[in-house]
Amino acid sequence: MTDDERIAEELKRNIFLTTVDRIYDWCRRGSMWPISFGLACCAFEMICAAAARFDLARFGMEAVRATPRQADLMIVAGTVTHKMAPQVLRLYRQMAEPKYVIAMGACAISGGTFRSYSVLQGVDKIIPVDVYVPGCPPRPEALLHGIIKLQEKIERQSVRTVPWYRKA
Amino acid sequence: MLKTRTITLNLGPQHPSTHGVFRMVLTMDGETIVDLKPIFGYLHRGMEKLAETRTYLQNMPLTDRMDYICAMTNNLAYAITVEKLAGLEVPERAEYIRVIMAEFTRVVNHLVAIGALLNDLGAFFTPMLYCLRERERILDLFEMTCGARMTCNYLRFGGVAADLPEEFVPQAREVVAGLYYWVDDLERLLTTNEILLARLQGIGILPRELAINCSVTGPTLRASGVPYDVRRAAPYSIYDRFDFKIPTLDEGDCYARYLIRLAEIRQSLHIIEQALDHLPPGEVQAKVPRLLRPPVGDAYARIESPKGELGFYLVSDGGISPYRFHVRAPTLINLTVLPDLVRGLRIPDLVAIIGSIDIVMGEIDR
Amino acid sequence: MAFVSDLFVNSWNWIAVQLARFLPPWAAELVMMFAGVVVLIAFLLFMVMLLTLLERKVVARIADRIGPNRVGPFGILQPLADTLKLIIKENTEPAQADHWVFRLAPAVAVTAALMPYAVIPLGRGMVGTDINVGVLYVVSISSLTVIAILMAGWGGCNKYSLLGGMRAVAQMFSFEVPLALCLASVVLLTGSLSLVSITEAQRELWLVLVQPVGFLLYLLCGIAEANRSPFDIPEAESELVAGYHTEYSGVRFAFFFMAEYINMFTVSAMATIMFLGGWRGPFVDQLPVLSVVYFLLKVHFLVFLMFWFRATFPRLRIDQLLSLSWKVLLPIALANLMLTALADKVAHRAGLSRMASAGLLLGSNLVLAGVAIATLYLVYERRRAPSLSRRYEIHWH
Amino acid sequence: MLSNYAFIGLFAIVAVIFPFAGFAVSYLVRPKRPDPVKEDVYECGLKTIGETWVQFKVQYYLYALIFVIFDVMSVFLFPWAVAYHALGLYALVEMFFFLGILAGGLIYAWRKGALRWV
Amino acid sequence: MTDEEILARIEEHFPGAVVEVPQALDFTIVLRAERLLEVATYLRDELGLDYLISVTSVDRGDEFEVVYHLGTMTDQAGYLVLKVRVLRPSAEVPSLTPLWRGAEFQEDEVYDLMGIRFTGHPNLRRIMMWEGYEGHPLRKDFRPPYPIETDRLIAQSYAESENP
């Protein structure tokens with residue numbers, strides 16, 4: 001096989017894979033169903049984001065699932081306390097792959113203003129976070145921005161490198 | 001005889017209709033609830049301890065995050081407690097602004113409560129989203145005044161943080177007029193809806209004596225026929241200057257609580273109108289030292305928050321931060337009656353009752 | 001022109017003729033049958049996607065929102081993205097589950113939902129097959145859905161699922177009976193169980209004009225059968241998380257989702273055929289291609305009603321729902337059947353003209369409606385009487 | 001006539017194969033990452049308490065029984081309804097009796113409280 | 001009835017029950033812990049103070065103060081502050097839950113966060129923290145486990161994924 005042939009071969013495979021990637025990413029990006037999971041103040045801004053003025057439905061995200069099995073995205077909206085942390089972790093682990101996490105608000109990011117005995121200082125200590133949305137609470141626009149950022153992140157993923165096909 | 005066994009079911013902490021991270025352990029026989037055990041604390045953020053390490057003013061943002069739907073009334077309760085403790089006077093204009101904000105907050109809270117109640121009844125978001133749409137208009141007013149939508153941090157000891165912007169009054173009038181119209185609209189959509197009546201009437205009847213014995217306050221109490229409202233019983237701020245009525249109903253069921261909220265929205269709008277009419281010019285902030293050191297002592301002050309009697313109990317040791325900071329959270333105490341209300345009913349009734357009691361975990365757990 | 005006027009049927013026949021040229025007749029027929037099945041299922045898949053998108057758009061508009069508009073132009077590719085995503089999503093399965101019951105439930109649901117379309121006429125000459133027990137077939141097959149839901153509820157070893165499954169079974173059982181009775185009175189009037197003949201029989205008069213009570217009853221029972229709001233109790237999100245499909249994810253959940261929408265379409269299609277004249281409409285004899293348009297328009301009108309109900313009504317409680325079925329709908333349906341039989345016999349004996357007998361039937365139906373409403377009102381008022389103090393009068397202090 | 005049922009048979013076969021084809025396609029492309037927690041029952045983020053499969057209220061079965069009675073009835077009704085025009089007055093009277101008995105049964109069940117959901 | 005009258009009535013009916021009447025912003029009566037229940041019963045049944053506004057506690061170093069606010073649900077403004085002082089080691093106060101169900105969760109909360117036991121409480125439990133949590137956070141000598149112990153807590157959360 002000459003170099004040219006090899007390059008052509010590689011190119012073909014890449015083109016094929018790129019197309020697969022594009023479809024793979026497109027459908028996950030276009031249909032991210034969040035789990036209805038509000039913890040504290042931020043949950044309300046999350047609900048507002050779904051309401052008339054901001055309308056999360058435009059992204060196809062109004063299909064809020066109550067069960068983690070059917071959800072793709074967990075928006076940790078609010079303070080995670082030590083009492084709640086095992087439940088958050090369990091919910092996350094019960095979600096079906098592929099799954100994403102947005103940490104919404106200062107509390108979910110770092111404990112925020114609540115540097116106290118009962119608050120987990122950032123949800124990223126127990127579950128991996130994809131996008132952080134700062135604010136206390138972030139405005140709905142900020143959450144939408146975070147979601148768009150997450151979509152951009154998904155668009156850059158490739159079916160070859162995504163973690164969920166690897167053996168755990 | 002066939003033996004049947006009860007099952008134990010967790011409702012919450014992650015459940016669509018527990019309004020946050022509230023957990024109930026239900027014992028059920030078939031679909032009938034035999035017993036209910038509420039479990040709190042999933043949002044316990046240690047506010048009372050945190051407050052002991054911060055200055056009085058630094059604690060104001062903490063109160064925002066307690067009952068996050070009505071930040072302004074929390075601010076107000078805390079501010080008047082500190083003012084009582086430190087003996088501060090508040091300029092008249094600031095008092096009017098406080099009343100306007102508090103009543104707007106009440107409207108916001110009741111809208112959310114009604115919307116969430118309908119959501120729990122299974123009305124698939126539409127009434128909720130209508131309520132939130134109207135809420136946005138009020139949040140716009142808050143935002144133009146203090147820069148935040150939800151966690152306002154607007155009140156200061158001896159006044160408010162900033163004067164109202166120029167366009168506030170006309171816009172507030174517009175919002176009030178729109179809300180009058182819109183509350184009528186909501187009534188047309190919901191109040192006589194046959195399914196709503198079937199789901200709410202006669203469900204979760206709270207007897208008057210039980211309500212008093214369990215220290216239930218707020219709309220939940222008034223729906224049971226007790227005309228107790230702190231605004232009337234022990235007027236704070238300048239509530240004695242306004243003409244408003246306190247609605248009560250004798251039935252004490254979920255529907256009564258729903259009706260009370262609608263009636264209170266109209267009363268609040270009426271108060272706001274009066275306050276806007278008589279808004280005096282002048283200062284909005286009294287002279288208060290930057291670092292407040294109230295004299296040694298303790299004080300309790302209370303207001304009628306949208307959910308019930310919200311009180312702060314502060315103990316000062318003369319330092320810059322409170323020695324003890326306690327919140328009398330109305331919703332925590334209102335929940336005392338929950339097991340009594342739901343025994344013998346079913347899960348759909350349970351969510352309706354929780355929705356009608358109107359809880360916010362941020363305030364229950366603090 | 002003649003070809004275009006009945007485009008679908010003619011092209012179908014043309015293909016059949018072409019096939020018959022180089023295949024033995026039995027093979028040609030088999031191939032055409034197979035093609036028919038595939039076309040029908042593909043049509044249903046398309047319809048499911050369309051309905052999910054429509055529902056989201058309609059509900060969004062009612063809630064003063066916009067609805068999906070990012071995936072593809074105006075969001076029309078949203079269902080496609082959802083489908084693909086559900087296929088590539090991991091399937092979870094509780095370790096304690098009754099594995100085969102759990103896994104088979106979605107398949108049963110989809111199969112049961114698809115099967116009725118073998119006999120449902122979608123347009124003039126556009127029917128999978130016209131069997132002479134069509135109504136019975138549809139009724140019996142669609143009640144298989146119950147089994148799927150019970151399997152799902154039981155198999156998942158989840159308490160919410162179990163409660164949801166139990167509720168679903170009780171609900172679907174209860175509404176099956178009045179539903180069958182409504183259909184029986186239609187069958188009585190048309191004298192046939194074949195869906196094609198029933199459509200034919202409504203050439204002059206849609207049965208909804210003769211049987212308005214029957215139509216309303218059927219619609220109510222149908223919505224309940226399809227588990228749609230305000231009767232969406234088995235999957236009541238605010239109570240039972242996601243009801244019987246709480247434990248399902250990925251493609252298995254997608255099948256339940258699909259089955260639900262197909263059932264909704266089936267209910268609307270059956271209501272259209274039995275009461276709204278099926279594919280009949282003006283000029284349909286001159287331009288048969290219109291028939292499918294009329295059919296879809298009528299079906300979508302009913303489907304829109306369901307969306308509308310979903311967006312506005314709270315849901316009933318399970319016991320209220322069952323009381324509604326057994327204590328209100330069933331007696332009315334029984335009375336309706338008896339009255340229809342009686343009026344039909346009278347009209348027959350008296351030798352009335354078609355229009356006159358239709359008038360008689362309509363009259364008797366309206367009388368029934370009046371009596372039913374009056375009785376309900378009286379019972380309701382008497383029920384209320386002991387608690388007349390409950391007048392919800394606001395006292396002002 | 002036979003070909004009608006052949007079509008239904010074919011339809012049934014395809015309708016059965018269809019979901020399994022879906023499962024197969026999904027099986028090829030979906031990730032599989034088992035995890036002991038993921039394989040646990042979901043119950044609002046907590047470990048489930050007690051058994052799920054317990055003996056249930058007998059009320060559920062009462063409903064099923066009543067349903068069976070009425071469903072069998074409707075099977076009888078359909079042939080009667082189809083042939084109604086061909087039958088005489090006798091059919092009407094007979095069916096009235098039949099439906100009357102059923103209505104009586106319904107009222108009995110109603111009175112007995114079998115229709116009360118618990 | 002004015003506050004002074006109430007005080008006089010209490011002293012008349014329960015001699016020795018009142019420990020002190022300190023100067024304060026709100027009218028305050030400090031009671032002996034063991035007499036609390038009977039005085040409260042009397043106040044509720046005879047004097048019409050039927051509304052227990054709040055129950056809370058203050059850590060005063062070597063002793064705890066349990067603070068009750070008592071009022072009515074009529075338009076008569078005002079409320080009465082009852083205080084009970086207990087020494088730190090024993091820290092036991094009679095529960096008012098049998099009188100006012102509304103005290104149930106508040107006493108739970110005081111028990112949880114301050115570590116004061118309420119005798120006669122039907123179901124005294126940790127309400128905010130989880131069972132098995134060590135220490136009572138609102139005590140002044142409570143040392144929060146952060147930042148050093150946070151990781152341990154998190155590790156514990158992992159292990160305890162199966163929650164009580």
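What's counted below: heavy atoms across the whole structure, side chains too, no hydrogens, waters or symmetry copies.
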- prompt: Do C/Val139 and C/Glu176 have side chains that get closer than 4.5 Å, going by heavy atoms?
  reply: yes
- request: Kindly indicate whether the side chain of C/Val119, heavy atoms from C-beta on, has any atom under 4.5 Å from the side chain of D/Phe7.
  value: no
Tell me if a side-chain donor or acceptor on [X] pairs with a main-chain N or O of [Y] at a distance below 3.5 Å.
X        : Y        : result
C/Ser194 : C/Gly134 : no
C/Ser249 : C/Glu90  : yes
D/Tyr5   : C/Ile131 : no

Between [X] and chain D, which part of the residue has a heavy atom less than 4.5 Å away: side chain, backbone, both or neither?
X        : result
C/Val186 : neither
C/Ile198 : neither
C/Tyr137 : side chain
C/Leu183 : both
C/Leu181 : side chain
C/Ile87  : both
C/Val187 : both
C/Ile141 : neither

field: Centroid separation C/Tyr248 to C/Phe255 less than 6.0 Å
entry: no
task: Kindly state whether the ring of C/Phe256 and the ring of C/Tyr244 have centres lying under 6.0 angstrom apart.
output: yes
[X], part contacting chain C, at a heavy-atom distance under 4.5 Å:
X       : answer
D/Phe20 : side chain
D/Tyr27 : neither
D/Leu77 : side chain

task: Describe, in one word, how the ring planes of C/Tyr160 and D/Tyr42 are oriented to each other, choosing from parallel (under 30°), tilted (30 to 60°) and perpendicular (over 60°).
output: tilted
statement: Looking only at heavy atoms, the pair that brings C/Leu193 and D/Phe78 closest together is CD2-CD2, 3.6 Å
Do you know which of [options] has the most heavy-atom pairs under 4.5 Å to chain D?
options                                : result
C/Ala113, C/Ala112, C/Ala180, C/Ser174 : C/Ala180
C/Leu114, C/Val110, C/Leu40            : C/Leu114
C/Leu30, C/Thr246, C/Leu330            : C/Leu330

- prompt: Do the side-chain N and O atoms of C/Ser142 and C/Glu225 include a donor-acceptor pair separated by under 3.5 angstrom?
  reply: no
query: So which of D/Val29, D/Ile13, D/Leu99 has the biggest tally of heavy-atom pairs under 4.5 Å with chain C?
result: D/Leu99
